[in-house]
Protein chains: 2
Amino acid sequence: MTITYFLCKNFHQFASMSNDIIDPLSVDCVIFGFEDARLKVLLYKRSIEPAFGVWALPGGFIRYDENIAKASARVLEEVTGVKGLFMEQLGAFGEVDRFPGRRVITVVYYALVKPGQYNINLGPNASDADWFEVKKLPDTPFDHSKIITSALSRLRRQLKYKPIGFNLLPDKFPLLALQELYEAIFGVDFDKPNFRRKIMKMNLLIPLQEKQTGVAHRSARLYKFDKSRYDSLTEKGFIFEM
Amino acid sequence: MTITYFLCKNFHQFASMSNDIIDPLSVDCVIFGFEDARLKVLLYKRSIEPAFGVWALPGGFIRYDENIAKASARVLEEVTGVKGLFMEQLGAFGEVDRFPGRRVITVVYYALVKPGQYNINLGPNASDADWFEVKKLPDTPFDHSKIITSALSRLRRQLKYKPIGFNLLPDKFPLLALQELYEAIFGVDFDKPNFRRKIMKMNLLIPLQEKQTGVAHRSARLYKFDKSRYDSLTEKGFIFEM
DNA sequence: ATAAGTTATGGTCAATCTGACAATTATTTC
DNA sequence: GAAATAATTGTCAGATTGACCATAACTTAT
């Protein structure tokens with residue numbers, strides 16, 4: 001016991017001077033996207049053992065010189081090629097046997113990506129990343145399936161009281177797109193006029209002059225989310241609720 | 001880098017066979033209690049360096065043979081003397097410099113304790129633990145103040161859509177106690193008849209024959225939370241909201 | 001024993017919100 | 001120009017909310 005402790009102390013002293021990773025601690029990212037009116041998750045084909053070649057959550061190790069948020073932002077950028085995405089910590093997962101061979105505890109973040117905001121196809125490993133419908137996920141290794149379920153339930157909860165859904169839509173969108181987003185994530189249908197009324201009453205959408213194009217019916221007006229208005233309303237005590 | 005990696009691998013192989021801790025990873029607990037109509041946090045006077053003798057969150061290290069939840073439950077039991085308290089993970093805190101000397105990442109849980117459900121005074125270190133009003137906290141070391149703030153905001157959010165407040169009340173309580181709990185945590189006042197109406201409509205409280213005693217006015221009926229009814233209502237799609 | 005003080009508990013009412021759904025409008029395609 | 005498809009506006013009854021009034025019940029002071 002004493003010996004082990006010293007060993008470990010030495011290990012850290014050595015490691016902290018280099019640019020090395022904190023060994024038993026990893027970060028994983030659950031990256032959500034919204035496409036074809038469906039909620040999707042970005043998975044990555046593992047290029048190392050264990051679970052070589054299996055679709056899994058993108059992850060990596062935390063370095064000694066970065067905090068956890070930065071580590072996950074780095075991993076996220078490595079996969080999507082984009083910085084500054086919406087990101088929030090889900091929590092730490094640390095079952096003793098969650099990872100084979102040695103004890104690894106992972107801190108999970110979930111991220112929201114707008115369509116076109118990522119460019120996974122630009123990397124050298126284009127075929128190694130792909131979107132999967134949340135409802136039709138492939139088998140994932142370790143506890144990743146549990147993690148994704150947990151991330152989805154956190155996303156639903158958040159969506160109820162924060163307007164984070166806009167991070168899954170393009171900057172300009174018709175009202176129906178927003179409605180379909182909520183319908184896909186909550187798994188329920190809303191009445192179109194009622195949904196419109198509720199959203200519009202919040203005064204968080206700026207109507208644009210532009211309209212939808214390329215649709216085979218009356219085109220809808222486009223809107224954009226008014227973040228600055230949201231911030232100022234929130235300060236005054238406004239509470240977003242869906 | 002390669003050398004370091006091997007060092008660390010060896011370290012883990014050795015350590016995982018012993019009963020040792022995972023060195024750079026700790027757990028901390030934010031333990032909430034409700035007393036005298038005020039929300040309080042249980043702090044512990046540190047008996048080791050750094051920050052020796054300073055009031056801080058009770059914490060400890062995670063062992064190789066226990067998952068994170070168990071580690072925090074153990075720490076919680078060591079402080080309160082009680083098992084099986086309501087507990088939920090808040091997340092991991094990992095700023096590079098959050099702990100002096102070496103890099104320690106901590107996983108934080110928050111717990112809710114009913115009055116009389118703990119017996120901190122029974123331990124050998126009775127004077128080393130005490131309750132502090134959330135609004136009048138002493139100076140705490142490291143990032144503990146930030147952690148408590150974060151725990152409080154999580155508690156508020158949870159309280160909105162889950163009836164976890166009952167974990168802060170005795171098994172039998174008058175309606176006003178429940179109202180004062182919500183008032184203390186949200187920092188707002190509710191109208192008494194309206195609060196009663198809203199709560200009673202949910203059908204989650206079982207009215208008892210017993211009444212309050214020892215009060216200098218009309219005594220109120222006592223109620224208890226009906227957990228089984230909550231579970232079955234929830235299954236049917238009932239959503240608790242305050 | 002009675003009055004005063006205090007909280008419990010039950011009700012009312014107008015304003016607002018919600019859910020269901022009818023009706024009309026604007027585009028595109030056939 | 002008709003048909004098809006959504007967009008958009010409007011209506012209405014029922015439920016919910018917030019403000020507040022009134023009465024009941026119990027304890028303590030006199």
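Throughout, protein chains are lettered first and strands after them, A, B, ... in sequence-line order, and every chain is numbered starting at 1. All values derive from a computational prediction rather than experimental measurement.
One interatomic measurement links the two molecules: NZ of B:Lys201 to P of D:dG18, which rounds to 10 Å at whole-angstrom precision. Between the NZ atom of B:Lys198 and the C1' atom of C:dT16 there is a distance of 14 Å, rounded to whole Å. Remark: P of D:dA19 and CZ of B:Phe190 are 12 Å apart, rounded to the nearest angstrom. Look at CD on A:Gln212: it is 11 Å from C1' on C:dT27, rounded to the nearest Å. Atoms CG (B:Asp189) and C1' (D:dG18) sit 14 Å apart, rounded to a whole Å. Atom CE of A:Met200 and atom C1' of D:dG10 are 16 Å apart (whole Å). For the pair B:Asp191 CG and D:dA19 C1', the interatomic distance rounds to 7 Å; values are reported in whole Å. The nearest whole Å value for the distance from the CZ atom in A:Phe195 to the P atom in C:dC17 is 17 Å.
With a 6.0 Å cutoff to the six-membered ring centre and a 45° limit on the axis angle, B:Lys160 counts as a cation-pi contact of B:Phe186.
A:Tyr110 and A:Arg154 are not linked by any side-chain donor-acceptor pair at a separation below 3.5 angstrom, with hydrogens and angles left out of the test.
Note on the helix from C:dA1-D:dT30 to C:dC30-D:dG1: angle between the axes of the first and last five pairs equals 0°, rounded to 10 degrees.
Partner of B:Phe173 under the ring pair (Phe, Tyr, Trp, His ring centres under 6.0 Å) criterion, out of B:Phe34, B:Tyr223, B:Phe166: B:Phe166 alone.
The base of C:dA26 does not come close enough to the side chain of A:Arg218 for any donor and acceptor atom to sit less than 3.5 Å apart. For B:Arg197 against D:dG18, a side-chain N or O and a base N or O form a donor-acceptor pair under 3.5 Å.
Between A:Arg98 and A:Asp143 there is a salt bridge, since a side-chain N of the basic residue sits under 4.0 Å from a carboxylate O of the acidic one. Here A:Glu133 does not pair with A:Lys40 in a salt bridge; the nearest charged N to carboxylate O distance is not below 4.0 Å.
Checking A:Asn194 against A:Lys211, the closest nucleotide of DNA chain C that is more toward the 5' end is the one next to A:Asn194. Of the residues near DNA chain D, A:Ser219 and B:Ser219, the one whose nearest nucleotide (by heavy atom distance) lies more toward the 5' end is A:Ser219. Residue whose closest nucleotide on DNA chain C sits further toward the 5' end, between A:Gly214 and B:Ala216: B:Ala216.
A:Leu176 comes within contact range of the sugar-phosphate backbone alone, with a heavy-atom separation under 4.0 Å but no base atom that close. Base contact: B:Pro193 has a heavy atom under 4.0 Å from a base atom.
Residue pairs meeting the side chain to side chain donor-acceptor pair (under 3.5 Å) criterion with at least one member in residues 229-242 of chain B, sequence neighbours excluded, are B:Lys227-B:Asp231.
Dashed line: the shortest gap from a side-chain N or O of A:Arg196 to OP1 or OP2 of D:dT8 is under 4.0 Å. Note on B:Lys192: a side-chain N or O is less than 4.0 Å away from OP1 or OP2 of C:dA8.
Closest of all the heavy-atom pairs between A:Glu180 and A:Ala37 is OE1-CB, 4.2 Å. Across B:Leu159 and B:Ile164, no two heavy atoms sit closer than the pair CD1-CG1, 3.6 Å.
In the set D:dA24, C:dT6, D:dT5, the nucleotide with an atom closest to the side chain of B:His217 is C:dT6.
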